[in-house]
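Below is one structure, written out as structure tokens, with a few remarks after it.
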There are 2 protein chains.
Amino acid sequence: MTENTPKGRPFDTDLTKRVLAAVRSQLEDYGFVNLSIEKIASEVGCGKTAIYRRWPTKPELVAAAILDTSEIGDLPDTGDVVDDLVEHAWQNLENFRRSEDETGNNGLLLAMFNMDVIPIISESFMQARHAMGREIIARGVKRGQVSSDLDHDLIIDTLAGLTLFRTTLKPDTRVRTDDEIKATYRSLVRSLIGDPR
Amino acid sequence: MTENTPKGRPFDTDLTKRVLAAVRSQLEDYGFVNLSIEKIASEVGCGKTAIYRRWPTKPELVAAAILDTSEIGDLPDTGDVVDDLVEHAWQNLENFRRSEDETGNNGLLLAMFNMDVIPIISESFMQARHAMGREIIARGVKRGQVSSDLDHDLIIDTLAGLTLFRTTLKPDTRVRTDDEIKATYRSLVRSLIGDPR
DNA sequence: ACAATAACGAAACGATACGTTGTGTTGCAC
DNA sequence: GTGCAACACAACGTATCGTTTCGTTATTGT
């Protein structure tokens with residue numbers, strides 16, 4: 001029996017959820033630097049030890065809070081590679097926007113850009129998202145919608161990069177509707193795969 | 001006479017340079033969070049007051065250190081819009097790479113992604129870079145190399161986004177030569193402006 | 001030469017936060 | 001009931017921010 005029956009009092013899963021939610025809320029308002037674990041504990045109504053028992057350091061706590069609301073999403077498979085790539089890009093945007101406040105600021109997303117947080121997110125999330133992009137394009141190639149000569153990684157990274165850039169460094173004053181954004185993705189995808197329209 | 005002749009002992013400009021260089025070095029190794037102004041002072045051999053007299057807070061100090069090595073660059077003007085956009089993208093990459101260490105990590109660039117740093121960099125640098133991109137494309141339109149129907153902002157942001165994404169979130173294991181990277185930019189630019197080759 | 005001004009190094013300060021440790025209590029499995 | 005581990009609470013050592021004070025030094029104007 002290599003079974004691992006847990007001994008002793010189990011974790012309070014509801015407390016876990018409340019902590020992660022409180023972390024997200026504070027990241028949004030104050031950012032990584034000014035996030036205080038002591039404030040989280042008092043807000044949630046628990047001891048600091050309950051937090052440190054789960055996540056040994058602040059970066060790991062923050063990474064957990066980010067991953068907790070990041071959805072890998074389902075692999076789009078409409079039969080059309082353009083639709084699939086647009087949907088894929090849209091999923092990225094939704095993940096970023098989930099943590100956006102009313103003014104367009106995104107403290108949670110910014111918290112990801114930390115030497116100790118990036119490796120965790122990258123390993124458990126970004127790589128999986130990238131693999132989904134590759135799969136979408138591979139199916140497009142099989143259907144003859146995409147040339148295999150194209151640089152597939154470039155297509156995926158370009159789409160992700162645009163979303164990242166516009167969400168972080170360019171707090172654009174322009175208000176765009178969801179339809180406008182989707183149309184932009186669609187036109188970009190068509191350019192990238194050389195679709196003649 | 002509204003002349004402002006400075007009174008008293010002037011700033012030591014050499015000290016200013018040494019502080020900013022030390023800040024960059026520490027950001028590279030430890031990141032924003034673990035950068036210590038006290039360590040900077042002792043390393044440079046000055047008092048903390050000399051630093052706080054110049055930059056009132058840590059984010060402003062960090063922003064100054066980043067801007068100090070960021071070059072706006074000259075507006076490319078080769079007569080060919082593709083060459084100009086490739087050069088523009090290359091300048092972005094060079095700005096990012098200037099602070100890369102031997103392992104490809106980039107603590108200085110990551111330090112930019114901070115609620116209190118981004119606005120400073122964005123206002124005094126990103127907007128100017130974006131304007132240069134617009135000018136390049138405007139000249140291309142005038143020469144008849146680019147259709148005015150295209151979304152010019154999209155072209156600029158897509159190029160910048162790719163560089164940002166690959167420099168931060170995707171610590172790519174693949175080693176690419178400068179020539180490969182330039183060829184990638186070239187092919188992407190051609191896709192974006194609909195250049196038939 | 002001398003006065004006014006402000007940067008300089010050094011040191012101490014209060015406040016805040018990380019992460020650890022110890023105490024006694026509570027919940028769950030055997 | 002016994003063992004185990006999570007729980008709240010409190011105290012602790014260390015580190016850092018940003019401020020303040022002090023005596024000193026460099027520069028300008030009279």
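Every chain is numbered from 1, with letters handed out A, B, ... down the list of sequences.
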Task: Residues from residues 19-35 of chain B lying under 4.0 Å of DNA chain D - heavy atoms - done: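 Those residues are B:L35.
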Whole angstroms only, please: what is the [atom1]-[atom2] distance between [X] and [N]?
X: A:Y52; N: D:dC9; atom1: OH; atom2: P; result: 17 Å
X: A:D116; N: C:dG19; atom1: CG; atom2: C1'; result: 15 Å
X: A:I51; N: C:dA17; atom1: CD1; atom2: C1'; result: 13 Å
X: B:W55; N: D:dC17; atom1: CH2; atom2: P; result: 14 Å
X: B:R53; N: D:dT25; atom1: CZ; atom2: C1'; result: 12 Å
X: B:R18; N: C:dA7; atom1: CZ; atom2: P; result: 17 Å
X: A:I40; N: C:dA17; atom1: CD1; atom2: P; result: 11 Å
X: B:D12; N: C:dA6; atom1: CG; atom2: P; result: 18 Å

Salt bridge check, [Y] against [X]: does any charged N sit closer than 4.0 Å to a carboxylate O?
X: A:R24; Y: A:D68; value: yes
X: B:K182; Y: B:D178; value: no
X: B:D77; Y: B:R143; value: yes
X: A:R186; Y: A:D83; value: yes
X: A:R139; Y: A:E135; value: yes

Open item on the list: Over all strands shown, is A:F11 touching base, sugar-phosphate only, or nothing at heavy-atom distances under 4.0 angstrom?
Closed with: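 Sugar-phosphate: the residue A:F11, judged by heavy atoms under 4.0 Å, touches backbone atoms but no base.
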Open item on the list: Between the base of C:dT26 and the side chain of A:R9, is one N or O donor paired with an acceptor at under 3.5 angstrom?
Closed with: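 Side chain to base: pair present.
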Closest to the [X] side chain, choosing from [options]:
X: B:P10; options: D:dT27, D:dG29, C:dC18; answer: D:dT27
X: A:S36; options: C:dC8, C:dC28, C:dC18; answer: C:dC18
X: B:I37; options: D:dA6, C:dC18, D:dC17; answer: D:dC17
X: B:A50; options: D:dG18, C:dG9, C:dC18; answer: C:dG9

Task: Axial cation check for B:Y30 ring with B:K39, 6.0 Å and 45° limits - done: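 Geometry flag: set, cation within 6.0 Å and 45°.
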TODO: For A:K58 and for B:R54, locate the closest nucleotide of DNA chain C by heavy-atom distance; then report the residue assigned to the nucleotide nearer the 5' terminus.
DONE: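 Taking each residue's closest nucleotide, the earlier one in sequence belongs to B:R54.
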Open item on the list: If you assign each of B:G8 and B:K39 to its closest nucleotide in DNA chain D, which residue comes earlier from the 5' end?
Closed with: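 The answer here is B:K39.
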Open item on the list: How about CD on A:E123, more than 12 heavy atoms from neighbouring residues, nucleotides or ligands closer than 6.0 Å, or not?
Closed with: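 At most 12 heavy atoms, drawn from other residues, nucleotides or ligands, come within 6.0 Å of this atom.
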TODO: Give me the one residue out of B:N106, B:T163, B:L110 that meets side-chain contact (heavy atoms from CB on, under 4.5 Å) with B:T168.
DONE: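 Among B:N106, B:T163, B:L110, the one that satisfies the side-chain contact (heavy atoms from CB on, under 4.5 Å) with B:T168 is B:L110.
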Open item on the list: Counting C-beta onward and ignoring hydrogens, is there a side-chain heavy-atom pair between B:T158 and A:F165 closer than 4.5 Å?
Closed with: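 No, too far: nothing below the 4.5 Å cut-off.
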Table of protein N/O atoms under 3.5 Å from nucleotides 10-14 of chain D N/O atoms:
none

TODO: Quick one: sort the B:F113 and A:F113 rings into parallel, tilted or perpendicular, breaks at 30° and 60°.
DONE: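 Geometry flag for A:F113 against B:F113: parallel rings.
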